[in-house]
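Below is one structure, written out as structure tokens; comments come after it.
Quick note: numbers below take in every heavy atom, side chains included, and nothing from hydrogens, waters or symmetry partners. The structure displayed is predicted, hence computed values, not measured ones.
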Amino acid sequence: MPELPEVEVTRLSFADRIAGAQVLGVSLGKPLRWPLGCPPDSLVGRQVQSVRRRGKYLLIDLEPQGLLLMHLGMSGSVVFDRYLPPAGKHDHFELQTSLGNLRLNDPRRFGAVVYAEHQADAVALKLLSRLGVEPLGEDFVLADFQRELKARHTAIKQVLLAGEVVVGVGNIYASEALFMAGIRPTLRAHLISRARAAKLHAAIRQVLAEAVHQGGSTLRDFSNALGESGHFQLSAQVYDRAGLPCRLCETPIKRMVQQQRSTYYCPQCQTF
DNA sequence: CACGGATCCTGATGGC
DNA sequence: TGCCATCAGGATCCGT
């Protein structure tokens with residue numbers, strides 16, 4: 001589920017409700033990608049101060065100190081409620097609080113919940129320090145984006161997915177943004193003209209902002225931490241549409257594989 | 001250093 | 001129905 005819009009919609013759905021809650025207990029299921037990094041019981045008694053997001057990480061700030069870095073991986077989702085059914089086999093982390101229980105369900109277990117004493121801790125830095133700028137924030141500056149693209153020789157699709165230039169663009173929105181900008185996913189980043197980089201910059205912001213606005217994914221069955229699903233009004237222009245006519249020019253959409261991930265594009269609308 | 005590829009894990013789907 | 005192969009919205013690590 002989770003690219004930036006899904007993570008952000010998840011955050012927005014429970015951040016205000018959990019703020020101020022007292023931690024009453026922590027339950028763990030099977031191991032996730034990384035160990036929690038602290039005894040679960042050591043979190044009892046702390047207060048949840050706020051929930052932020054950095055890239056695809058949820059950052060749960062605790063008082064008087066500490067934070068939980070939560071990543072949803074490929075298949076993770078979060079629910080927050082006062083009453084939850086008994087934990088199932090894919091529920092691997094749960095924070096019980098005075099205001100409700102926060103539960104991470106993640107069948108593939110590529111996700112993680114990691115504790116750090118401070119945001120500048122080695123653990124936190126390792127996970128966060130290499131992340132690129134937030135696409136919906138003020139730091140996503142066109143001139144910087146253009147300069148970063150000039151410095152990279154790999155395919156633009158891979159540059160977007162790597163998250164070192166700009167975070168939050170996953171496999172779906174990478175294809176969608178490149179379609180919107182009219183750029184072939186295989187085009188090497190440094191060969192993109194400044195004008196086309198500007199189109200891509202705008203496209204990334206637009207596609208992500210619109211997806212957040214719609215309440216999460218435009219595809220499949222995403223729902224936020226309260227169980228509410230998105231509006232599904234946007235439909236993908238290219239993602240998962242191999243063989244179907246381009247919505248602009250009717251040319252059949254193509255699928256290819258880059259870095260073991262599917263890429264979709266219109267061979268007519270997207271050029272080198 | 002920069003890049004490509006293998007890798008972690010489980011479930012859904014489609015072909016035979 | 002069962003069995004097998006393929007694919008899935010992520011990101012790190014390792015070898016060249």
Rounded to whole Å, please give me the gap between [atom1] in [X] and [atom2] in [N].
X: Arg152(A); N: dC1(B); atom1: CZ; atom2: P; answer: 13 Å
X: Leu161(A); N: dG10(C); atom1: CG; atom2: P; answer: 7 Å
X: Glu6(A); N: dA8(C); atom1: CD; atom2: P; answer: 16 Å
X: Leu127(A); N: dA11(C); atom1: CG; atom2: C1'; answer: 10 Å
X: Asp106(A); N: dC8(B); atom1: CG; atom2: P; answer: 16 Å
X: Asn171(A); N: dA8(C); atom1: CG; atom2: C1'; answer: 9 Å
X: Met74(A); N: dG11(B); atom1: CE; atom2: P; answer: 15 Å
X: Tyr264(A); N: dC7(C); atom1: OH; atom2: P; answer: 10 Å

**Asked** How far, in whole Å, is dT6(C) from dA6(B) if one measures between their P atoms?
**Response**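 My reading of the P atoms in dA6(B) and dT6(C) gives 14 Å.
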**Request:** Take atom P in dC14(C) and the same atom in dC9(B), then report the distance between them in whole Å.
**Result:** 16 Å
At less than 4.0 Å, is any side-chain N or O atom of [X] found next to OP1 or OP2 of [N]? Yes or no.
X: Thr154(A); N: dA2(B); value: no
X: Lys126(A); N: dC13(C); value: yes
X: Tyr239(A); N: dG9(C); value: yes
X: His71(A); N: dA11(C); value: yes
X: Lys30(A); N: dT10(B); value: yes
X: His92(A); N: dC9(B); value: no

So which nucleotide from [options] ends up closest to the side chain of [X]?
X: Pro107(A); options: dG11(B), dG9(C), dA8(C); result: dG11(B)
X: His90(A); options: dG10(C), dT12(C), dG11(B); result: dG11(B)
X: Phe110(A); options: dG9(C), dG10(C), dT10(B); result: dG10(C)

**Fill in**
For Pro2(A) and Gly76(A) the tightest heavy-atom approach is CG-O, 4.2 Å
**Prompt:** For dC9(B), which nucleotide in any strand shown is its Watson-Crick or wobble partner with both distances under 3.5 Å?
**Reply:**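 In the structure as shown, dC9(B) has no Watson-Crick or wobble partner.
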**Request:** Any strand is fair game: report the nucleotide pairing with dG9(C) by Watson-Crick or G-U wobble, both distances under 3.5 Å, or none.
**Result:**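 With both distances under 3.5 Å required, dG9(C) matches none.
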**Item:** Residues from residues 252-261 of chain A lying under 4.0 Å of DNA chain C - heavy atoms
**Value:**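 Per residue number, the list reads Arg255(A), Arg261(A).
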Any side-chain donor near an acceptor of the partner, [X] and [Y], under 3.5 Å:
X: Arg241(A); Y: Ser175(A); value: no
X: Arg52(A); Y: Gln119(A); value: yes
X: Glu94(A); Y: Gln96(A); value: yes

**Prompt:** Would you say the base of dC9(B) and the side-chain of Arg108(A) have a donor-acceptor pair closer than 3.5 Å?
**Reply:** yes
**Item:** Closest-nucleotide 5' rank along DNA chain B - winner of Lys89(A) and Arg33(A)
**Value:** Arg33(A)
**Message:** Tell me whether the count of non-hydrogen atoms from other residues, nucleotides or ligands lying under 6.0 Å of NZ in Lys126(A) goes above 12.
**Reply:** no
**Message:** Counting only heavy atoms from other residues, nucleotides and ligands, does the tally under 6.0 Å from CZ of Arg17(A) exceed 12?
**Reply:** no
**Message:** Can you classify the ring geometry of His201(A) versus Phe145(A) as parallel (below 30°), tilted (30 to 60°) or perpendicular (above 60°)?
**Reply:**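 Tilted, since the angle between the ring planes falls between 30° and 60°.
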**Request:** Using the ring pair (Phe, Tyr, Trp, His ring centres under 6.0 Å) rule, pick out the option among Tyr265(A), Phe179(A), Tyr264(A) that qualifies with Tyr239(A).
**Result:** Tyr264(A)
